[in-house]
Chemist: 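One structure, pasted below without further comment.
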Amino acid sequence: MTLLEIVQEFCRRQGLPVPSAVVSLGDDQLTQIVGLANEICEDLDRFSWTQLVREASWTATGVEDQGAMSVLAPFCCASILNETIYNRTTRLPIYGPVSARQWQADKALFTASPTHEYRIFGGHLYITPAPPDTDQLAFEYRSGAMVYNANDNAYKPYFTKDSDEFLLPQALILRGLRWRWKAEKGFPYAEDFRLYETAVADANGRDGGHKTLTMDGCDRSVGPGIVVQPGNWNLS
């Protein structure tokens, strides 16, 4: 849903006048609703949503400093997903993040790790030993941008235009708007808040699917061997 569609649906449910536009009107009530919608985006950032996972890939710089994270991961990088940084040229992982203490100890003692390690500080990604400038590197990261505008091809953390789209389930922002709007107006909102939290927990629990857990310790993944498709046995 776009911001305009979200606000229109919310107004219908609350018995408020349904607007034909939102941002451009400059209406105080609509401006407040947009602000509350942005608060919901901030609140939902407490979870890692698969819809917001992005991939960063680039050619190594040949020095430890690989550049600003805002350039390597331009879609509002919140955090790198653990154990996803790889050198695709050497097909080896880049370990980390190493602690500040370990990084400084390596520099002071002039020790070099046999494997590549990374650390983020000053908003830049550093890798040691420095990978060659021909190597291809990549990682996945959690984006804080829950809003997308197709006209601008822009991902962003807040709604700023009527055409901005919400990337998570629409029920979350509609339920969130209901309790936050009531709270701002001084109306009872406890039940609406409970329904919102239940919807968030349910959506997060179903997000992306989950691996089946076994209690017997057996790994049922397919390994090397001969695989016979069920139903293809010759019984004659």
Chemist: With side chains defined as the heavy atoms from C-beta onward, is the minimum distance between T59 and T134 less than 4.5 Å?
Modeler: no

Chemist: Measuring from L44:CG to E42:CD, what's the distance to the nearest 0.5 Å?
Modeler: 10.5 Å

Chemist: Would you call E184 and L36 a side-chain contact if the rule is heavy atoms closer than 4.5 Å?
Modeler: yes

Chemist: Thinking salt bridges, do K182 and D192 make one under a 4.0 Å N-O criterion?
Modeler: yes

Chemist: Are V98 and I127 connected into the same hydrophobic cluster when the rule is that any two of I, L, V, M, F, W, Y join if their side-chain heavy atoms are below 4.5 Å apart?
Modeler: no

Chemist: Are L177 and F187 connected in the hydrophobic side-chain network, where two residues link if heavy atoms are under 4.5 Å apart?
Modeler: yes

Chemist: Minimum heavy-atom separation for G26 to T31, with atom names?
Modeler: C-OG1, 4.3 Å

Chemist: Give me the ring orientation class for Y196 and F193: parallel if the planes are under 30° apart, tilted from 30 to 60°, perpendicular past 60°.
Modeler: tilted

Chemist: Give the cluster check for W103 versus I120: same hydrophobic cluster or not, with ILVMFWY residues linked at side-chain heavy-atom distances below 4.5 Å.
Modeler: no

Chemist: Between NZ of K107 and CG of L109, what distance do you get to the nearest 0.5 Å?
Modeler: 11.5 Å

Chemist: Between E64 and T128, is any side-chain donor less than 3.5 angstrom from a side-chain acceptor?
Modeler: yes

Chemist: Where do V71 and P74 come nearest, in terms of heavy atoms and distance?
Modeler: O-CD, 3.7 Å

Chemist: How close do G67 and L72 get, counting heavy atoms only, and between which atoms?
Modeler: O-CD1, 4.0 Å

Chemist: When rounded to the nearest 0.5 angstrom, what distance separates CG in L25 from CG in L30?
Modeler: 6.0 Å

Chemist: Flag the pair R119 and D106 as a salt bridge only when some basic side-chain nitrogen lies within less than 4.0 angstrom of an acidic carboxylate oxygen.
Modeler: no

Chemist: Determine whether more than 12 heavy atoms belonging to other residues, nucleotides or ligands lie under 6.0 Å from atom CG of D133.
Modeler: yes

Chemist: I need the L172 CG to M146 CE distance, nearest 0.5 Å.
Modeler: 9.5 Å

Chemist: Can we call the ring centroids of Y126 and F121 under 6.0 Å apart?
Modeler: yes

Chemist: Quick one, K156 with D164, criterion salt bridge (Lys or Arg N to Asp or Glu O under 4.0 Å). Give me CA distance, side-chain angles, the key distance, then yes/no.
Modeler: CA-CA 9 Å; K156 48 191 176 181; D164 288 344; 3.0 Å; yes

Chemist: Kindly say whether I94 contributes a backbone atom to a donor-acceptor pair with the side chain of H116 at under 3.5 angstrom?
Modeler: no

Chemist: As a quick check of understanding, evaluate side-chain contact (heavy atoms from CB on, under 4.5 Å) for S143 and V53, giving each step before the final call.
Modeler: CA-CA 6 Å; S143 169; V53 173; over 6 Å; no

Chemist: Looking at A60 and P132, what are the two nearest heavy atoms and their distance?
Modeler: CB-O, 3.1 Å

Chemist: Which distance, rounded to the nearest 0.5 Å, do you find between the CD of Q170 and the OG1 of T2?
Modeler: 10.5 Å

Chemist: Are the side chains of E39 and R180 in contact, using a 4.5 Å heavy-atom criterion?
Modeler: yes

Chemist: Passes side-chain contact (heavy atoms from CB on, under 4.5 Å), I33 versus C11? Steps please.
Modeler: CA-CA 10 Å; I33 293 174; C11 290; 4.3 Å; yes

Chemist: Is the ring centre of F139 less than 6.0 Å from the ring centre of W58?
Modeler: yes

Chemist: Kindly indicate whether the side chain of W179, heavy atoms from C-beta on, has any atom under 4.5 Å from the side chain of L195.
Modeler: no

Chemist: Between D45 and R142, is a side-chain contact (heavy atoms from CB on, under 4.5 Å) present by the stated rule, with each step listed?
Modeler: CA-CA 10 Å; D45 192 49; R142 183 173 67 86; 3.0 Å; yes

Chemist: Would L168 end up clustered with F47 when hydrophobic side chains under 4.5 Å apart are linked, directly or stepwise?
Modeler: yes

Chemist: Can L174 and E9 be said to form a side-chain contact (heavy atoms from CB on, under 4.5 Å), step by step?
Modeler: CA-CA 8 Å; L174 289 172; E9 181 62 23; 4.0 Å; yes

Chemist: R13 side chain to F10 main-chain N or O, any donor-acceptor pair under 3.5 Å?
Modeler: no

Chemist: Whether the Q136 and S57 side chains hold a donor-acceptor pair (N or O, under 3.5 Å, no angle test) is what I'd like checked.
Modeler: no

Chemist: Counting N and O atoms only, with roles assigned by atom type, does the side chain of N38 sit under 3.5 Å from a partner on the main chain of F159, one being a donor and the other an acceptor?
Modeler: yes

Chemist: Do C41 and V147 have side chains that approach each other closer than 4.5 Å (heavy atoms only, starting at C-beta)?
Modeler: yes

Chemist: Between D152 and K161, is the closest basic N to carboxylate O distance under 4.0 Å?
Modeler: yes

Chemist: Verify whether one side chain among Y141 and E55 offers a donor that lies under 3.5 Å from an acceptor in the other.
Modeler: no

Chemist: Please determine whether side-chain hydrogen bond (donor to acceptor under 3.5 Å, both in side chains) holds for the pair T61 and Q66, giving the CA-CA distance in whole Å, both sets of side-chain angles, and the decisive distance to 0.1 Å.
Modeler: CA-CA 6 Å; T61 61; Q66 296 300 303; 3.1 Å; yes

Chemist: Answer yes or no: is there a donor N or O on one side and an acceptor on the other, between the side chain of N151 and the main chain of S163, under 3.5 Å?
Modeler: no

Chemist: If you compare all heavy atoms of D207 against all heavy atoms of S48, which two are closest, and at what distance to 0.1 Å?
Modeler: OD2-O, 3.8 Å

Chemist: Is any side-chain N of the basic residue among E5 and R12 closer than 4.0 Å to the acidic one's carboxylate O?
Modeler: no

Chemist: Is it true that Q32 and D28 share a donor-acceptor pair across their side chains at a distance under 3.5 Å?
Modeler: no

Chemist: State whether the number of non-hydrogen atoms from other residues, nucleotides or ligands found under 6.0 Å of Y189 atom OH is greater than 12.
Modeler: no

Chemist: Would you name the heavy atoms of V34 and V22 that are closest together and state the gap between them?
Modeler: CG2-CG1, 3.4 Å

Chemist: Identify whether Y86 and L81 are in the same connected component of the hydrophobic contact network (ILVMFWY, side-chain heavy atoms under 4.5 Å).
Modeler: no

Chemist: Should E197 and R46 count as an ion pair when the cut-off is N to O under 4.0 Å?
Modeler: yes

Chemist: Do L167 and L52 make a side-chain contact, defined as non-hydrogen atoms from C-beta onward lying under 4.5 Å apart?
Modeler: yes

Chemist: Once rounded to the nearest 0.5 Å, what's the spacing between atom CG of L4 and atom CD1 of I6?
Modeler: 9.5 Å

Chemist: Look at R54 together with E140 and state whether they make a salt bridge at an N to O cut-off of under 4.0 Å.
Modeler: no

